[in-house]
Asker: 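What follows is a structure written as structure tokens; I'll ask about it next.
Note: hydrogens, waters and symmetry copies are ignored here, and every other heavy atom, side chains too, is used. Protein chains get the first letters and strands the later ones, always in sequence-line order, with residue 1 at the start of each.
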There are 4 protein chains.
Amino acid sequence: MAFDTADQATADHATTGNIAADRLKSIVERIERLEEERKALASDIKDIYSEAKSAGFDVKVLRQLIRMRKQEPAEVEEQEMLIDVYRRALGMA
Amino acid sequence: MAFDTADQATADHATTGNIAADRLKSIVERIERLEEERKALASDIKDIYSEAKSAGFDVKVLRQLIRMRKQEPAEVEEQEMLIDVYRRALGMA
Amino acid sequence: MAFDTADQATADHATTGNIAADRLKSIVERIERLEEERKALASDIKDIYSEAKSAGFDVKVLRQLIRMRKQEPAEVEEQEMLIDVYRRALGMA
Amino acid sequence: MAFDTADQATADHATTGNIAADRLKSIVERIERLEEERKALASDIKDIYSEAKSAGFDVKVLRQLIRMRKQEPAEVEEQEMLIDVYRRALGMA
DNA sequence: CAAGAATTATGAACCC
DNA sequence: GGGTTCATAATTCTTG
């Protein structure tokens with residue numbers, strides 16, 4: 001460590017420094033590992049969308065559908081109603 | 001179009017419709033399952049950041065650190081690609 | 001809610017509705033106008049890239065060059081920020 | 001220039017080099033200028049969305065509306081129909 | 001037209 | 001809790 005000479009360093013300083021460095025290393029490694037897994041899952045999801053496309057489904061619509069399923073039905077209803085209101089306000093059929 | 005909506009559909013159409021509907025269900029369910037897992041991982045990552053914060057680390061720095069570790073290989077690659085393509089653009093290979 | 005849809009609305013409601021509808025129209029029209037201009041600019045940029053290609057330049061290199069000219073200041077800034085925040089994280093200021 | 005010694009260089013090489021360099025410079029500058037303008041417009045658009053939000057409009061719905069106005073009505077119809085079909089296939093009301 | 005990059009939009013997190 | 005920045009998702013555009 002840069003600020004400790006061998007004989008002047010207290011046990012405490014050395015220990016604290018090492019502990020912090022080890023802790024940091026552990027944190028970074030765990031996060032990076034989980035991010036790898038996340039990335040793998042994202043890739044799997046992408047593959048399924050490709051499969052869906054090949055099977056003739058409209059991917060854009062599929063995404064919208066899945067987004068809707070995450071929302072409360074009331075929320076979906078509310079948004080659809082609002083779109084409608086705005087459309088009429090602009091004279092869009 | 002992936003499936004049929006007419007209720008007067010012939011047996012063939014209906015069958016096709018069912019097959020497509022089953023396929024769609026399968027696709028949606030698999031995607032939703034993977035997204036759940038993704039969400040769980042995101043939550044785990046968040047927990048580690050919280051832990052890091054409690055341990056006295058600066059979360060913003062940590063994030064940037066991890067981002068930079070990710071980018072470094074990409075940047076090296078990018079530079080090499082650029083040099084390569086410059087050569088070609090200048091007719092040096 | 002921004003405006004009213006009931007056709008039995010009182011004069012007040014109706015007025016509010018009209019005002020809101022006019023406001024909405026104004027907003028939408030202004031946004032669409034600006035988006036048109038944006039699109040025109042994008043088209044102009046595309047033309048210049050075509051011209052560059054015709055003149056024998058490698059468009060991919062060109063794009064990367066321009067990207068890098070944009071990023072450089074941001075990167076410098078980012079580095080400075082990181083150093084700064086590291087200092088704080090390490091209790092050096 | 002790296003590959004020309006002063007006395008061996010032909011006038012042609014030098015000229016070609018200058019012309020190319022000037023041309024490149026012109027191209028880069030024009031593109032960067034147009035991109036600046038584009039950026040300014042993007043900022044203006046953002047401001048209008050802010051204004052809309054302050055006026056009580058739902059920005060997300062507003063964006064969707066503007067997206068729809070860019071499409072052909074038939075296309076909009078088609079997508080809405082498709083969503084509906086998928087929803088029913090999944091038993092979503 | 002399919003793959004991949006780049007832009008844009010949405011959603012989450014943090015600070016005030 | 002509101003608003004602003006940051007991170008992720010999604011669409012659009014480009015290129016092979």
Asker: Donor-acceptor pairs under 3.5 angstrom involving side-chain atoms of residues 74-82 of chain B: please list them, not counting sequence neighbours.
Answerer:
none

Asker: Starting at atom CG of D/D58, determine the distance to atom P of E/dG11, rounded to an integer number of angstrom.
Answerer: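 The answer, rounded to whole Å, is 11 Å.
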Asker: What is the per-nucleotide protein-contact pattern of nucleotides 8-16 of chain F, from the 5' end, where B denotes a base atom under 4.0 Å from a protein heavy atom, S denotes such proximity for sugar-phosphate atoms only, and - denotes neither?
Answerer: SSSS--SS-
Asker: Quick check: closest heavy atoms across C/V28 and D/R69, and the distance to 0.1 Å?
Answerer: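 Distance-wise, the nearest heavy atoms are CG1-NE, 3.6 Å.
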Asker: In whole Å, what is the span from the CD1 atom of C/I66 to the C1' atom of E/dA5?
Answerer: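 For the pair C/I66 CD1 and E/dA5 C1', the rounded distance is 15 Å.
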Asker: Is any side-chain N of the basic residue among D/K70 and C/E35 closer than 4.0 Å to the acidic one's carboxylate O?
Answerer: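 Counted as a salt bridge, because a side-chain N and a carboxylate O are separated by less than 4.0 Å.
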Asker: State whether D/E29 and D/R33 are salt-bridged, where the test is any N-O pair (Lys NZ or Arg NE/NH1/NH2 against Asp/Glu carboxylate O) under 4.0 Å.
Answerer: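 Result for this pair is no, no salt bridge flagged.
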Asker: Between B/Y86 and C/L65, is the side-chain contact (heavy atoms from CB on, under 4.5 Å) condition met? List the steps.
Answerer: CA-CA 10 Å; B/Y86 258 124; C/L65 189 70; 2.8 Å; yes
Asker: For D/I31 and E/dT7, what is the distance between atoms CD1 and P respectively, to the nearest whole Å?
Answerer: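 My rounded result for the distance is 12 Å.
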Asker: Using atom types as modelled, flag every donor-acceptor pair under 3.5 Å from a side chain in residues 45-57 of chain D to any protein atom, sequence neighbours excluded.
Answerer:
unit_1: D/S50; atom_1: OG; unit_2: D/K46; atom_2: O; d: 3.3
unit_1: D/E51; atom_1: OE1; unit_2: C/R30; atom_2: NH1; d: 3.1
unit_1: D/E51; atom_1: OE1; unit_2: C/R30; atom_2: NH2; d: 3.3
unit_1: D/E51; atom_1: OE2; unit_2: C/R23; atom_2: NH2; d: 3.3
unit_1: D/E51; atom_1: OE2; unit_2: C/R30; atom_2: NH2; d: 2.7
unit_1: D/S54; atom_1: OG; unit_2: D/S50; atom_2: O; d: 3.2

Asker: In whole angstrom, give the distance that lies between atom CG of B/L62 and atom C1' of F/dA7.
Answerer: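 After rounding, the reported distance stands at 16 Å.
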